[in-house]
Amino acid sequence: MKFIVSSSALLKQLQTISGVLNSSNTLPILDNFLFEIKDQDLTISASDLETTLTTTIQLEKAEKDGLIAIPAKLLLDTLKTFPDQPLTFTIEEESFGIEISSDNGKYKLSGQDGEEFPKVPEIEGANKLELESGTLFNAIDKTIFATGNDDLRPVMSGVLFELGKESATFVATDAHKLVRYRRKDVKSSKEASFIMPKKPLNLLKNITSGIDSSVEVQYNETNAHFKVEHIQLVCRLIDGKYPNYDAVIPKENPNKLTIARQELLNSVKRVSIFSNKTTHQVRLKMTGSELNISAEDLDYSNEAVERLTCNYAGDDMQIGFNSRFLLEMLNNIETDQVNIEMSAPNRAGILLPDNSDDNEEILMLVMPVMLNN
């Protein structure tokens, strides 16, 4: 088995899929890339058992079809040192010995039997959907920060994809904060929902960043398959029932605050430095067109207060939030103005971007912290 490939083209593709590799694997074969040659196409796979990433390169020249597992770290480290040049790979099929020839020299390494590499699951009875790469990127980018890390509640460590005939909704929550991202321009012929784990979502976010193409999605009860240009990702879905997030979102919120997002962000950043290091609590006090933001740490007698002007309609009220959650949300909103809707000091507050995009709808919810008066 022999083929010639450009060093920089190969490195670029390997770096794209190498994010799936774990530093420690239960199966030693997973420390390798699987190279498979078929009809002048080189297909390279990397896997951690749960998620498999595959990319395809068209070869100028290849002799004989076949497959081999090549040590991933060794290959990546070697390729990073080459300037762009053609490399010739010669593989000894009996011993799995690999020889790489460059303009400067030869490099030998030993591979493993490609047949031992885990097979990618076939998605039987799959439902299909197509969406823009930018839409998928935004859906992941706007929700993934709100996912939980609790091993006891695995369903909350992923993002819920709810596909409907009118729209698609993406939801993430860790029980303290919640994000619901809805697209009216993504429609599915069949209503369905599944929970995507965090790792493959981060991989998809990297793959779809800065490219403009369509993404083919296929899914069934257990797996999902994403195809973006020449890259394919297959992952196992999180099994379980997602909490009823709609029940948590307060419907009646008569107290409405509109304020410049960056101004509020900077103010919360400064004031939160003086907050209690355990609760990170900041207090928002609304009276008329004035917003007071304050924090104190009684253990160290630290205290800070700032006054901002805002548009506020509703009763005078005080509410406490964890400043870290508030900052995360404000950082993930891109509009100049932000609307905050509240009903009572013990009920969740809702952040809404001042959005002009008719196809996009973002709702962020943050649970309050009890104020100690």
Side-chain angles (χ1 to χ4, degrees), residues 13 16-17 19-20 30 34 36 38-39 41 43-57 67 114-115 117-141 143-144 147 154-172 180-209 211-242 245 359:
Q13 297 304 335
T16 305
I17 65 168
V20 77
L30 296 176
L34 177 69
E36 183 172 6
K38 203 174 181 180
D39 309 330
D41 276 345
T43 303
I44 310 165
S45 306
S47 177
D48 67 356
L49 278 188
E50 298 283 318
T51 306
T52 304
L53 266 175
T54 305
T55 182
T56 305
I57 302 173
L67 75 165
E115 293 294 345
F117 203 84
K119 297 280 178 278
V120 178
E122 291 290 321
I123 299 192
E124 291 164 8
N127 297 309
K128 292 181 183 176
L129 174 77
E130 200 164 291
L131 70 165
E132 291 302 310
S133 56
T135 303
L136 181 61
F137 175 84
N138 284 338
I140 299 168
D141 189 45
T143 53
I144 199 160
T147 53
V155 290
M156 288 164 103
S157 68
V159 172
L160 174 70
F161 280 49
E162 272 191 333
L163 308 171
K165 292 176 181 175
E166 299 298 316
S167 63
T169 306
F170 307 86
V171 183
R180 185 187 73 195
Y181 180 85
R182 188 166 281 159
R183 293 294 303 204
K184 292 179 183 155
D185 53 353
V186 179
K187 297 176 170 69
S188 169
S189 56
K190 194 173 171 188
E191 298 208 348
S193 69
F194 55 85
I195 307 166
M196 277 282 290
K198 203 180 298 191
K199 183 176 175 180
L201 284 173
N202 274 316
L203 293 167
L204 277 171
K205 186 178 156 184
N206 292 338
I207 293 164
T208 52
S209 169
I211 66 162
D212 184 20
S213 72
S214 63
V215 183
E216 287 173 34
V217 187
Q218 295 186 34
Y219 56 92
N220 61 11
E221 300 275 304
T222 48
N223 294 295
H225 175 275
F226 293 79
K227 185 173 189 286
V228 191
E229 292 179 346
H230 50 266
I231 296 167
Q232 301 191 46
L233 178 144
V234 179
C235 73
R236 193 177 297 162
L237 299 170
I238 296 175
D239 189 28
K241 191 168 171 15
Y242 203 76
Y245 65 88
N359 286 319

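Not measured: the values here are computed from a predicted model.
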S.K.: With a 3.5 Å cut-off and sequence neighbours excluded, list the donor-acceptor pairs that the side chains of residues 117-124 form with protein atoms.
M.R.:
none

S.K.: Enumerate the residue pairs fulfilling salt bridge (Lys or Arg N to Asp or Glu O under 4.0 Å) with a member in residues 215-233, sequence neighbours excluded, ordered by first and then second residue.
M.R.: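 Those involving residues 215-233 do not exist here.
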S.K.: Using the rule side chain to side chain contact (heavy atoms under 4.5 Å, CB included), only one of Leu233, Ile17, Thr43 pairs with Thr54; which is it?
M.R.: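 Only match with Thr54 under side chain to side chain contact (heavy atoms under 4.5 Å, CB included): Thr43.
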S.K.: Please set out all donor-acceptor pairs under 3.5 angstrom arising from side-chain atoms of residues 154-168, sequence neighbours excluded.
M.R.:
unit_1 : atom_1 : unit_2 : atom_2 : d
Ser157 : OG     : Pro154 : O      : 2.6
Glu162 : OE1    : Tyr245 : OH     : 2.6

S.K.: Between Leu237 and Pro197, which heavy-atom pair has the shortest distance, and what is it?
M.R.: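 Taking Leu237 first and Pro197 second, the nearest heavy atoms are CA-CD, 4.4 Å.
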S.K.: Do Ser45 and Glu36 have side chains that approach each other closer than 4.5 Å (heavy atoms only, starting at C-beta)?
M.R.: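 The answer is no; the side chains never approach within 4.5 Å.
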S.K.: Please report the C-alpha distance between Val186 and Leu129 in whole Å, then the side-chain angles of each, then the deciding distance to 0.1 Å, and finally whether the side chain to side chain contact (heavy atoms under 4.5 Å, CB included) criterion is met.
M.R.: CA-CA 9 Å; Val186 179; Leu129 174 77; 4.3 Å; yes
S.K.: How many angstroms lie between CG in Leu136 and OG1 in Thr208, if you round to the nearest 0.5 Å?
M.R.: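 Separation between the atoms: 5.0 Å.
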S.K.: Find the distance between CG (Asp141) and CG (Leu201) and round it off to the nearest 0.5 Å.
M.R.: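 Result: 11.5 Å between the selected atoms.
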S.K.: List the residues meeting salt bridge (charged side-chain N to carboxylate O under 4.0 Å, His left out) with Asp41, not counting sequence neighbours, and say none if there are none.
M.R.: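 Counting only residues at least two positions away or on another chain, Asp41 forms no salt bridge (charged side-chain N to carboxylate O under 4.0 Å, His left out).
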S.K.: Between atom OH of Tyr242 and atom CD1 of Ile195, what is the distance when rounded to the nearest 0.5 Å?
M.R.: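 It comes to 7.0 Å.
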S.K.: Kindly write out the residues that satisfy side chain to side chain donor-acceptor pair (under 3.5 Å) with Asn206, not counting sequence neighbours, or none if the list is empty.
M.R.: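 Here no residue qualifies.
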S.K.: Provide the full list of ring pair (Phe, Tyr, Trp, His ring centres under 6.0 Å) pairs with a residue in residues 211-231, sequence neighbours left out, each pair given once.
M.R.: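 Listed once each, the pairs are Phe194-Tyr219.
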S.K.: Enter the distance from Leu131:CG to Ser214:OG here, rounded to the nearest 0.5 Å.
M.R.: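 It comes to 8.5 Å.
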S.K.: Who pairs with Thr52 by side chain to side chain donor-acceptor pair (under 3.5 Å), at least two apart in sequence or on another chain?
M.R.: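 Testing Thr52 for side chain to side chain donor-acceptor pair (under 3.5 Å), a comparison that skips the adjacent residues, returns Ser47.
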S.K.: Could you list all the side-chain hydrogen bond (donor to acceptor under 3.5 Å, both in side chains) pairs where at least one residue sits in residues 128-139, not counting sequence neighbours?
M.R.: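 Checked against side-chain hydrogen bond (donor to acceptor under 3.5 Å, both in side chains) - neighbours excluded - no pair reaches residues 128-139.
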S.K.: Would you call Val171 and Thr169 a side-chain contact if the rule is heavy atoms closer than 4.5 Å?
M.R.: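 Counting from C-beta outward, Val171 and Thr169 do come under 4.5 Å.
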S.K.: Could you list all the salt bridge (Lys or Arg N to Asp or Glu O under 4.0 Å) pairs where at least one residue sits in residues 184-201, not counting sequence neighbours?
M.R.: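 Salt bridge (Lys or Arg N to Asp or Glu O under 4.0 Å) check on residues 184-201 returns Asp48-Lys199, Arg183-Asp185, Lys184-Glu361.
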S.K.: What residues form a side-chain contact (heavy atoms from CB on, under 4.5 Å) with Ile231, not counting sequence neighbours?
M.R.: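 Here the qualifying residues are Thr16, Leu53, Thr55, Ile207.
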